[in-house]
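What follows is a set of notes on a single structure, which appears directly below.
None of the values given here were measured: they were computed from a predicted structure.
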Amino acid sequence: MTTLMIDAGPVAEDAPVTRTGGVPLAPPGTDWPRCATCEGPMQFLAQILLADQGAATGADTGLLALFMCQNDPGMCDEWEPDGGGNRALLLPADGLRPLPLPELGEDDGEEALLLGAVRAVTYERTAEPDYADASEAWSERTGRRAYDHVLGQIGGTPSWLQHDETPTCAACSRPMSLAAQLEEGPDHLTAMNFGSGSAYVFACVPCAQAVFLWQC
């Protein structure tokens with residue numbers, strides 16, 4: 001069984017739902033993540049409600065907020081799980097507020113911090129256990145191209161484009177569970193920069209740890 005994430009169209013930039021783009025929701029006092037290489041603020045990519053994929057992580061509260069450096073794309077190891085060029089925050093669900101934008105330099109624009117549009121998702125479960133097979137079957141059933149509508153999967157098994165990079169939790173040393181696999185999306189205004197590849201978000205909820213990486 002695979003649970004596909006399907007593009008559900010525009011949504012408010014601060015909507016408390018699983019979405020790509022917009023502004024991140026976080027508890028008051030949360031710091032906007034910065035790149036370990038260039039020290040600039042990262043771009044907010046997406047938030048994922050754990051309630052949407054509780055079966056995968058063993059939890060049904062909280063959210064994942066995903067950030068990646070886009071200040072100098074390709075120069076800050078933003079694809080690596082531990083290179084410091086991206087960040088996955090596992091946050092509690094209570095008291096969430098829009099995270100204030102960090103100060104920008106006079107030559108910087110908000111496009112380095114925020115995607116150009118905000119997209120919600122809906123979910124469709126398919127019988128196919130393999131993500132690629134599930135996307136193809138959905139496309140055949142609906143008559144819609146997967147590239148234009150499938151934004152990824154919630155939980156399930158990673159469909160690796162290269163070798164298996166399943167991380168182990170830094171706290172308990174156990175393999176982490178896939179929380180979501182994400183696609184860039186077809187619209188240049190909403191597209192996340194994964195080098196035309198896919199991203200993988202893993203979580204260990206008991207240890208409050210999350211890891212983000214991508215392959216192309």
CD of E184 to OG1 of T20, rounded to nearest 0.5 Å, is 12.0 Å
Without swapping roles, check the side chain of Y200 against the backbone of V211 for a donor-acceptor pair under 3.5 Å.
no
Counting only heavy atoms not in R174, do more than 12 fall under 6.0 Å of its CZ?
no
I'd like to know if the side chain of T3 and the backbone of Q153 have a donor-acceptor N/O pair within less than 3.5 Å.
no
Shortest non-hydrogen contact from N86 to P81?
OD1-O, 4.4 Å
Could you tell me whether the side chain of P24 reaches within less than 4.5 Å of the side chain of F67, counting heavy atoms only?
yes
CH2/W214 to OG/S196 distance, rounded to the nearest 0.5 angstrom?
9.0 Å
How many angstroms lie between CG in D130 and OG in S135, if you round to the nearest 0.5 Å?
8.5 Å
For residues Q209 and L90, determine if any side-chain heavy atom of one lies less than 4.5 Å from a side-chain heavy atom of the other.
no
If Ile, Leu, Val, Met, Phe, Trp and Tyr residues are connected whenever their side-chain heavy atoms lie under 4.5 Å apart, and connections chain through other members, are L114 and M42 in the same group?
yes
Residue pair E124, W138: steps toward the side chain to side chain contact (heavy atoms under 4.5 Å, CB included) verdict:
CA-CA 9 Å; E124 293 200 24; W138 178 88; 3.0 Å; yes
Grab the two heavy atoms, one from F44 and one from A65, that are nearest each other, plus how far apart they are.
CE1-CB, 4.3 Å
By the definition side chain to side chain contact (heavy atoms under 4.5 Å, CB included), identify the one residue from L178, T157, L4 that meets it with Y131.
L4
In Å, rounded to the nearest 0.5 Å, how long is the span from NE2 of H149 to CG of D7?
7.5 Å
Step through the shown structure and confirm whether more than 12 heavy atoms of other residues, nucleotides or ligands are within 6.0 Å of CE on M75.
no
Separation between CD of Q181 and CD1 of I154, rounded to the nearest 0.5 Å
11.0 Å
Return yes if some donor-acceptor pair links the side-chain N/O of D94 with the main-chain N/O of L96 below 3.5 Å, else return no.
no
Quick check on the hydrophobic clustering: are L115 and M68 connected, directly or via other members, by side-chain heavy-atom contacts under 4.5 Å?
yes
When clusters are formed by joining ILVMFWY residues with side-chain heavy atoms under 4.5 Å apart, either directly or through shared neighbours, do M192 and V118 land in the same one?
no
So, do S198 and L182 sit near enough that their side-chain heavy atoms are less than 4.5 Å apart?
no
Heavy atoms from other residues, nucleotides or ligands near CD of E80 exceed 12 (cutoff 6.0 Å)
yes
How close do P41 and N71 get, counting heavy atoms only, and between which atoms?
O-ND2, 3.2 Å
Go through the steps for R19 and E13 under the test side chain to side chain contact (heavy atoms under 4.5 Å, CB included), then give the verdict.
CA-CA 9 Å; R19 54 177 162 82; E13 67 175 9; 5.9 Å; no
Quick check for you: to the nearest 0.5 Å, what is the distance between E39 atom CD and C76 atom SG?
10.0 Å
Counting heavy atoms not belonging to R87, are there more than 12 under 6.0 Å from its CZ?
no
Do V150 and M1 belong together in a cluster built from hydrophobic side chains that touch within less than 4.5 Å?
no
Evaluate the criterion side chain to side chain contact (heavy atoms under 4.5 Å, CB included) for residue pair L66 and I48; output intermediate values, then yes/no.
CA-CA 8 Å; L66 309 180; I48 299 168; 4.2 Å; yes
Taking all non-hydrogen atoms of both residues, which atom of T2 and which atom of A134 are closest, and how far apart?
CB-CB, 3.7 Å
ILVMFWY network linking V23 to W32, side-chain heavy atoms under 4.5 angstrom:
yes
Contact between W160 and T166 at the side-chain level, heavy atoms closer than 4.5 Å - yes or no?
yes
Within a strict 4.5 Å, meaning less than it, do heavy atoms of the E183 and F194 side chains meet?
no
With a 4.5 Å cut-off on side-chain heavy atoms, are P186 and R145 touching?
no
A210 versus L64, closest heavy-atom pair with distance:
CB-CD2, 3.5 Å
So do the side chains of Y123 and T18 get within less than 4.5 Å of each other, counting heavy atoms only?
yes
Any idea which heavy atoms bring C35 and G85 closest together, and the distance?
SG-CA, 4.2 Å
Within-4.5 Å side-chain heavy-atom neighbours: Q43 and C69
no
